[in-house]
Amino acid sequence: MSEERSLNFIEQIIEDDIANGVNDGRVLTRFPPEPNGYLHIGHAKSIVLNFGLAQKYNGKTNLRFDDTNPVTEDTEYVDSIKEDIRWLGFEWDKELYASDYFDQMYEFAVELIKKGLAYVEDATSEQIAASKGTPTTPGTPTPARSRSVEENLDLFERMRKGEFKDGEKTLRAKIDLASPNMHMRDPIMYRIKHAHHHRTGDKWCIYPMYDFAHGQSDSIENITHSVCTLEFIPHRPLYDWFIKELEIFPSHQYEFARLNLNYTVMSKRKLKQLVAENYVSGWDDPRMPTISGLRRRGYTAASIRGLCERVGVQKRDNMIDVGLLEFCIREELNRTANRVMAVLDPVKLVITNYPEGQVEEMTAENNPEDASAGSRTLHFSNTLYIEREDFMEEPPKKFFRLGPGLHVRLKNAYIIKGESVEKDADGNITTIYATYLPESKSGGDHSGMTVKGTIHWVSAAHAATAEVRVYDRLFKSENPNAEEGDFKDFINPDSLQVIKEAYVEPGLLKAQPGDRFQFMRKGYFTVDPDSTAEKVVFNRTVTLKDAWAKVNK
Ligand code: ATP
Ligand code: MG
């Protein structure tokens, strides 16, 4: 976190609270994921904020699984969420589950019933909705609203015991059917759901609603600053009402703008659909905006934290250009990634005046941005692979690469001149013939010749074969959520291109999953876990071109 930037509005609130001795200056935040999917980059924003606040103010952060909906939740998600938070570089104080508070929440509900502030409703959810009125007209009480405390206590206990079917009864808070805030018009606190819960098993058949569970969990844990996204602003009066009426620890809710990224979707429901319907290979497909997908794509934790810091903490929703995320990783990898040569679309090049069978060792610097990265040895011979696009039979004027009669430098090696080509029956070039200038060797060039272009290459006899997966945006539309019709209609059909036989420096056979490289002139790539000892699989993290910085500088 940069120390020079001004305080964001939540830091300002916390500093005021500390100055005023609120909670004796104690800061306890929480990150409350629902374990119904993998974390995405929007969650990273919330994680960086919640954990960052605690770090800055000597506080702590709880990880609380908001597991009050038995049907959609799973321990697979719990495990992945923990892995992703740790990978992002944060450690929670306590690992907690809202479901651990079900007994306490039940007691809270009984207390509100006893105070005449909650009642058991018979009406269906449709009937409740219809009787709630509109923002400008008050709702009308249902007959259940006038039930006695005794009857409510009895019915609520019978709800718990499983005497009623799903949807037959609910527990509602008795607040104000004329409130301009619809959330205050006797909101539902409990519903019946005869469903197995991933932690509590079959102990419960009634489950608390978000509004009743969330604030109460915050309060039970003595959370001082409960930070959530803007859509919860209208829920805040209800959050405060439950805490006041129950006379429990006064946690406070603060809202900030969620992180939205263009050319993707972030709702877990939608991401789950992409996985279930095989549009992607899984939650960690490198095209997914999930933390695990970004990790597999080659993003570092620092680059994701960096994005969250740059975006800042805002009070109004906005859309962040994915180019900013790419800028963050490019900036880091430019400093840290070793340069290597990889030919993605190979064509054979034979140097006719270089002795057949001779192998020379060339020295190549690993990273011009980092002298401590050292150097490596490359093998040079008379038969190489170069990129097909680096040769043109009829080059236009400013083509500074290879063509008949054109000179170009082979990186870390010699200047060569294009001579002739050999083609197959379809007219495709199969071999390019060239000659080299023996006195032009890199590092000791006394050829007196200057060339404008330098191209990369690998020696055919030494190169290793690699699979390279080239990714593009998952969606063609900048905001698939705002499009009419199904968001899946806007999936980019060309979001993955698989190159089965690319040629890379043989040293890359030793690379481990997660290692990151710059393929010179091609982009940044990372080793995918699908790699084997015989074949390395690379994912393209990002191209070299810096479109975002150009537009925004
Ligand atoms: P989704 O709609 O993707 O399912 P959610 O809000 O339901 O998201 P939760 O697991 O409930 O997901 O979220 C955990 C925490 O992360 C919440 O505090 C939520 O506000 C926050 N969060 C979720 N998405 C974003 C986002 N895009 N930007 C910032 N914070 C987010
Ligand atoms: Mg949620």
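Each ligand, and each atom within it, is numbered from 1 in the order the structure gives. All heavy atoms count here, side chains included; hydrogens, waters and symmetry mates do not.
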Trainee: Any chance the side chains of Arg30 and His225 put a donor and an acceptor closer than 3.5 Å?
Mentor: no
Trainee: Can you check whether Gln253's main-chain N or O pairs, donor with acceptor, with Ser226's side chain at less than 3.5 Å?
Mentor: no
Trainee: Can you figure out which of Lys268, His214, Lys272 has its heavy atom closest to atom 4 (O) of ligand 1?
Mentor: Lys268
Trainee: Applying the salt bridge (Lys or Arg N to Asp or Glu O under 4.0 Å) criterion to Asp186, which one of Arg145, Lys174, Lys132 satisfies it?
Mentor: Arg145
Trainee: Under a 4.0 angstrom heavy-atom cut-off, which atoms of ligand 1 come close to Ser267?
Mentor: 3 (O)
Trainee: Any donor-acceptor pair under 3.5 Å linking the side-chain atoms of Gln518 with those of Tyr524?
Mentor: yes
Trainee: For Pro33, take its heavy atoms, then give the atoms of ligand 1 lying under 4.0 Å from any of them.
Mentor: 10 (O), 14 (C)
Trainee: With heavy atoms of Glu34 as the reference, note each atom of ligand 1 found under 4.0 Å away.
Mentor: 9 (P), 10 (O), 11 (O)
Trainee: Below 4.0 angstrom from a heavy atom of His40, which ligand 1 atoms are there? Numbered from 1 as shown, please.
Mentor: 3 (O), 24 (N)
Trainee: Could you tell me whether Arg330 and Glu332 have a side-chain N and a carboxylate O separated by less than 4.0 Å?
Mentor: no
Trainee: Tell me whether His43 has any N or O atom under 3.5 angstrom from an N or O of ligand 1.
Mentor: yes
Trainee: Provide the number and element of each atom of ligand 1 under 4.0 Å from a heavy atom of Phe31.
Mentor: 15 (C), 16 (O)
Trainee: Under the 6.0 Å and 45° cation-pi test, does Arg473 pair with Tyr263?
Mentor: yes
Trainee: So does Glu111 pair up with Lys114, basic N to acidic O under 4.0 Å?
Mentor: no
Trainee: Based purely on interatomic distance, does Cys228 place a nitrogen or oxygen under 3.5 Å from a nitrogen or oxygen of ligand 1?
Mentor: no
Trainee: For ligand 1, which atoms, with element, lie under 4.0 Å from some heavy atom of Pro32?
Mentor: 14 (C), 18 (O)
Trainee: Within the structure, does Val227 bring an N/O atom to less than 3.5 angstrom of an N/O atom in ligand 1?
Mentor: no
Trainee: Are Ser179 and Arg185 linked by a side-chain donor-acceptor pair shorter than 3.5 Å?
Mentor: no
Trainee: Measuring from atom 2 (O) of ligand 1, which candidate in Lys270, Arg269, Arg258 has the nearest non-hydrogen atom?
Mentor: Arg258
